[in-house]
Each structure stands twice: as C-alpha cells, then as structure tokens.
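The block underneath contains the structure these notes are about, expressed in structure tokens.
This is a predicted model, so every value here is computed, not measured.
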Amino acid sequence: MATMVSLSSGQHMPAVGLGTWKSSPGQVKQAVLVALDCGYRHIDCAAAYSNEQEVGRAIAERVGPGKQLRREDIFVTSKLWNTKHHPEDVEAACRKTLSDLGLIYLDLYLMHWPMAFERGEELIPRRADGTVRYADTHYRDTWAAMEKLVDQGLVKAIGLSNFNARQIDDILNCGKHKPVVNQVECHPYLTQSQLLAHCRSRGLALTAYSPLGSPDRPWTSPGEPQLLDDPKLLAIAAHYKKTPAQVLIRWHVQRGIICITKSVTPSRIKENIEVFDFSLSENDMKQIESFNRNERLIIPSIEKDGQKVWRDATNPHFPFLDAY
C-alpha cells in the first residue's frame with residue numbers, strides 16, 4: 001500500500017498514483033485494472049484526456065459491493081477543462097465526469113489550467129489561423145462555482161493545476177474552500193523548489209505530473225533531453241539496484257510530493273509503485289536535485305515563423321511567465 005500525504009481537508013492522498021493522460025482507448029482500462037490489482041489506490045483522471053468512461057469501466061470491475069475494494073479505499077482525482085470555466089458550466093462538467101467514471105463523488109477536483117477557453121464542446125476551440133479562442137472568465141469566478149461542488153457533496157475537496165504562486169494566493173484571498181493541492185510539472189530538470197516551499201507555507205500539497213520527464217510528451221523535438229537516460233541517474237539507480245524510474249519516484253516521495261506516474265505496460269505499472277522498500281541518501285537526493293535546469297517540457301506549443309513558441313503565452317492568465 002502506498003504511503004499517504006495528508007491534505008488540509010483532513011483527507012489522506014496516496015503518495016503514488018496512476019496517471020491516465022495519453023493512455024489511449026483500449027489501453028487505459030487494462031492499465032487501471034493492473035494498477036488496482038498491484039496496490040495503487042490513487043487514479044488521476046481528467047475530462048480532457050477523453051478516456052474517463054473507460055477508466056470508469058475498470059473502476060466498476062474492482063470497486064463496490066461484493067468487489068475487492070470499497071469506494072472509500074480509492075482516491076480519484078479529475079479536472080475541470082478550460083472550456084468549462086464559465087460558472088454556469090462547472091456543475092454540469094463535474095456531473096459528466098462523475099457519470100463517465102461511474103462515481104457518486106470525486107475525492108479531488110482540480111481546475112486544470114487558470115486559462116479559460118471559449119465555451120462549447122470542442123476541446124481546443126481555434127480560429128482559422130490555428131490560434132486558440134479564449135474566454136474572459138476569470139479563474140476566481142470558476143473557483144467560486146467549484147466551491148459549490150464541495151457544498152453539494154459532489155467532490156470531497158478542490159484544488160488547482162498549473163497555477164503559479166501569485167495565482168494560488170489570489171484564490172486563497174477570495175475563496176471559502178481552500179485549494180488542497182496544486183498539480184504541476186515536476187521532475188529533476190524542473191525541481192519546483194520555490195513553488196513547493198510556497199505551497200507548503202500556504203497549506204497546499206504539491207502533486208507532480210510528468211515526474212519522469214514524460215519521454216512520450218507530444219511537444220518533444222529531436223535532440224531534447226531524456227531524463228531517464230541521464231548517466232548520473234543511471235549510476236544512482238545501479239547503486240540501489242532499482243530502475244531509473246523507481247529512483248525518480250522515490251525522490252519525489254521523499255520530498256513529500258505526490259507523484260503521478262503514467263504507463264500502460266503492466267510490468268512498469270507494478271515497478272512504479274515498488275518504491276517504499278528503499279530510501280535515497282541525503283547526498284543522492286541533493287545530487288538529483290542538482291540536475292535542475294528550470295526547464296519545462298510539458299507546455300502546449302505551436303510553430304510560429306519557424307520557431308516553437310508557447311501556445312497560450314499571450315493569455316493574461318498564462319501561468320508560466322512568473323518566476324514560479
């Protein structure tokens with residue numbers, strides 16, 4: 001059983017979860033079944049991943065009366081997508097996710113990004129020139145609508161994803177329900193030490209997505225670094241007789257960060273949770289932290305004038321122009 005991270009809501013969130021981003025239809029159900037069978041109790045989902053129905057079918061096979069797990073045994077996170085930021089759309093979006101997952105409540109519901117896209121059913125509404133059609137809904141208004149989901153019992157807690165420190169404080173200053181988590185890209189090339197300290201000082205836990213550097217990220221370019229191939233990491237892994245992925249996951253866990261790992265390969269799913277039988281030395285923790293380049297690998301990008309640029313950088317709520 002994975003160890004837990006305590007949230008300000010009083011909940012206990014398993015420190016290692018299975019991520020479902022980029023898990024294609026026909027694969028994600030089996031991945032969730034394997035994960036639940038080998039001890040995962042935390043599944044990270046999102047409406048934007050377009051696979052919540054299949055995740056729900058896996059949950060239904062393992063969770064419920066007469067099954068091997070009770071609903072309260074598992075922690076399920078999902079996320080509100082950018083096209084559903086208008087306060088009138090939030091509850092319906094949450095209920096759609098609950099219906100797709102076959103659940104009565106979510107343990108945690110995150111605002112996926114601080115940026116609002118134009119309302120509608122298109123995942124990324126675009127103009128003819130390929131640019132995104134944004135909406136002017138402020139994330140504070142979206143948050144107020146999300147708070148009602150807690151009051152209605154549809155979700156146990158709410159949180160943020162891809163928010164910077166200033167935006168977190170903005171929510172804390174206006175909200176009735178505190179965000180319990182900020183889920184962000186985090187790995188040794190982007191250690192997020194300042195954001196981690198900020199979240200801790202405000203009572204938020206940090207969740208790492210792409211904790212292994214997301215080697216299958218959709219925006220990669222030839223020649224970009226592959227964290228799992230880093231020779232220094234390979235040497236540390238050999239010392240502990242563990243895989244590089246296990247060392248990275250253990251590094252996150254020892255920092256007190258919740259770690260979302262994604263795989264559809266049964267052997268890797270099993271390996272990724274086998275990180276509670278060893279500890280990294282203080283020196284190895286520091287050495288891995290020294291890999292930091294403040295380098296983001298997971299930002300939606302587009303080609304403009306022959307250059308790869310951040311797709312949403314002109315949006316007033318784009319979070320990554322601040323230092324952290």
Would a distance-only check, ignoring hydrogens and angles, find a side-chain to backbone donor-acceptor pair under 3.5 Å from [X] to [Y]?
{"X": "N164", "Y": "Q167", "value": "yes"}
{"X": "E185", "Y": "L297", "value": "yes"}
{"X": "Q307", "Y": "K304", "value": "no"}
{"X": "D141", "Y": "T137", "value": "no"}
{"X": "Q246", "Y": "V275", "value": "no"}
{"X": "N182", "Y": "F163", "value": "yes"}
{"X": "R62", "Y": "L36", "value": "no"}
{"X": "Q254", "Y": "L280", "value": "yes"}
{"X": "Y139", "Y": "A116", "value": "no"}
{"X": "T265", "Y": "S263", "value": "no"}

[X] side chain near [Y] side chain, heavy-atom distance below 4.5 Å:
{"X": "S301", "Y": "V309", "answer": "no"}
{"X": "L195", "Y": "I168", "answer": "yes"}
{"X": "S279", "Y": "Y240", "answer": "no"}
{"X": "L154", "Y": "E91", "answer": "yes"}
{"X": "I236", "Y": "Q287", "answer": "yes"}
{"X": "C259", "Y": "T261", "answer": "yes"}

Does anything in [range] form a salt bridge (charged side-chain N to carboxylate O under 4.0 Å, His left out)? List the pairs, not counting sequence neighbours.
{"range": "residues 236-254", "value": "K242-D277"}
{"range": "residues 96-112", "value": "R71-D107, K96-D100"}
{"range": "residues 79-89", "value": "D44-K79, K84-E121, E88-R119, D89-R119"}
{"range": "residues 143-162", "value": "D151-K176"}

Report the residues that fulfil side-chain contact (heavy atoms from CB on, under 4.5 Å) with [X], sequence neighbours left out, ordered by chain and then residue number.
{"X": "A237", "result": "P244, V247"}
{"X": "S50", "result": "none"}
{"X": "A157", "result": "S9, Q11, L108, V180"}
{"X": "R202", "result": "D169, L172, H198, L204"}

Evaluation steps, side chain to side chain donor-acceptor pair (under 3.5 Å), between S161 and H112: CA-CA 5 Å; S161 180; H112 208 146; 5.1 Å; no
Check the pair Y134 / N82 against side chain to side chain contact (heavy atoms under 4.5 Å, CB included), numbers first and verdict last. CA-CA 9 Å; Y134 299 107; N82 308 1; over 6 Å; no
Quick check for you: to the nearest 0.5 Å, what is the distance between [X] atom [atom1] and [Y] atom [atom2]?
{"X": "Q152", "Y": "C94", "atom1": "CD", "atom2": "SG", "answer": "8.5 Å"}
{"X": "K67", "Y": "I59", "atom1": "NZ", "atom2": "CD1", "answer": "11.5 Å"}
{"X": "I299", "Y": "R296", "atom1": "CD1", "atom2": "CZ", "answer": "5.5 Å"}
{"X": "L80", "Y": "H85", "atom1": "CG", "atom2": "NE2", "answer": "5.0 Å"}
{"X": "I43", "Y": "E52", "atom1": "CD1", "atom2": "CD", "answer": "12.0 Å"}
{"X": "I260", "Y": "N272", "atom1": "CD1", "atom2": "CG", "answer": "11.5 Å"}

How about D305: does its CG atom have over 12 heavy atoms from other parts shown lying under 6.0 Å from it? no
Would you find more than 12 non-hydrogen atoms of other residues, nucleotides or ligands less than 6.0 Å from D136 atom CG?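 Open.
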Quick one: which residue pairs count as a ring pair (Phe, Tyr, Trp, His ring centres under 6.0 Å) with a foot in residues 164-187, not counting sequence neighbours?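 Matches after skipping sequence neighbours: none remain.
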Report whether [X] and [Y] are members of the same hydrophobic cluster (ILVMFWY, side-chain heavy atoms less than 4.5 Å apart, transitive linking).
{"X": "I258", "Y": "I158", "answer": "no"}
{"X": "L227", "Y": "V253", "answer": "yes"}
{"X": "Y189", "Y": "W251", "answer": "yes"}
{"X": "I257", "Y": "F75", "answer": "no"}
{"X": "I288", "Y": "I249", "answer": "yes"}

Give the C-alpha distance, both sets of side-chain angles, the deciding distance and a yes or no for side chain to side chain contact (heavy atoms under 4.5 Å, CB included) between L248 and T243. CA-CA 9 Å; L248 292 179; T243 67; over 6 Å; no
Might you work through the side chain to side chain contact (heavy atoms under 4.5 Å, CB included) test for D312 and V132, ending with a clear yes or no? CA-CA 8 Å; D312 303 306; V132 176; 4.1 Å; yes
K286: which residues meet the side chain to side chain donor-acceptor pair (under 3.5 Å) condition with it, sequence neighbours left out?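 Result, side chain to side chain donor-acceptor pair (under 3.5 Å) vs K286: E282.
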Using the test side chain to side chain donor-acceptor pair (under 3.5 Å), find all partners of E122 that sit at least two apart in sequence or belong to another chain.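 Result, side chain to side chain donor-acceptor pair (under 3.5 Å) vs E122: none returned.
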Side-chain ion pair, E61 and R57, N-O less than 4.0 Å: no
NZ/NE/NH1/NH2 to OD/OE distance under 4.0 Å, D170 and R140: yes
Q192 vs C186, side chain to side chain contact (heavy atoms under 4.5 Å, CB included): CA-CA, chis, key distance, verdict: CA-CA 6 Å; Q192 298 280 23; C186 185; 4.0 Å; yes
Determine, stepwise, if the pair E289 / S193 fulfils side chain to side chain donor-acceptor pair (under 3.5 Å). CA-CA 9 Å; E289 193 155 351; S193 297; 3.0 Å; yes
Per-pair distances, 0.1 Å, donor-acceptor, side chain in residues 314-324, under 3.5 Å, sequence neighbours excluded:
unit_1: N315; atom_1: OD1; unit_2: H317; atom_2: N; d: 2.8
unit_1: D322; atom_1: OD1; unit_2: R166; atom_2: NH2; d: 3.3
unit_1: D322; atom_1: OD2; unit_2: R166; atom_2: NE; d: 2.9
unit_1: D322; atom_1: OD2; unit_2: R166; atom_2: NH2; d: 3.4

Looking only at the side chains, is there a donor atom on one of D37 and Q68 sitting less than 3.5 Å from an acceptor on the other? yes
Would D129 and T131 satisfy side chain to side chain donor-acceptor pair (under 3.5 Å), going step by step from the backbone distance to the final call? CA-CA 6 Å; D129 65 359; T131 57; 2.6 Å; yes
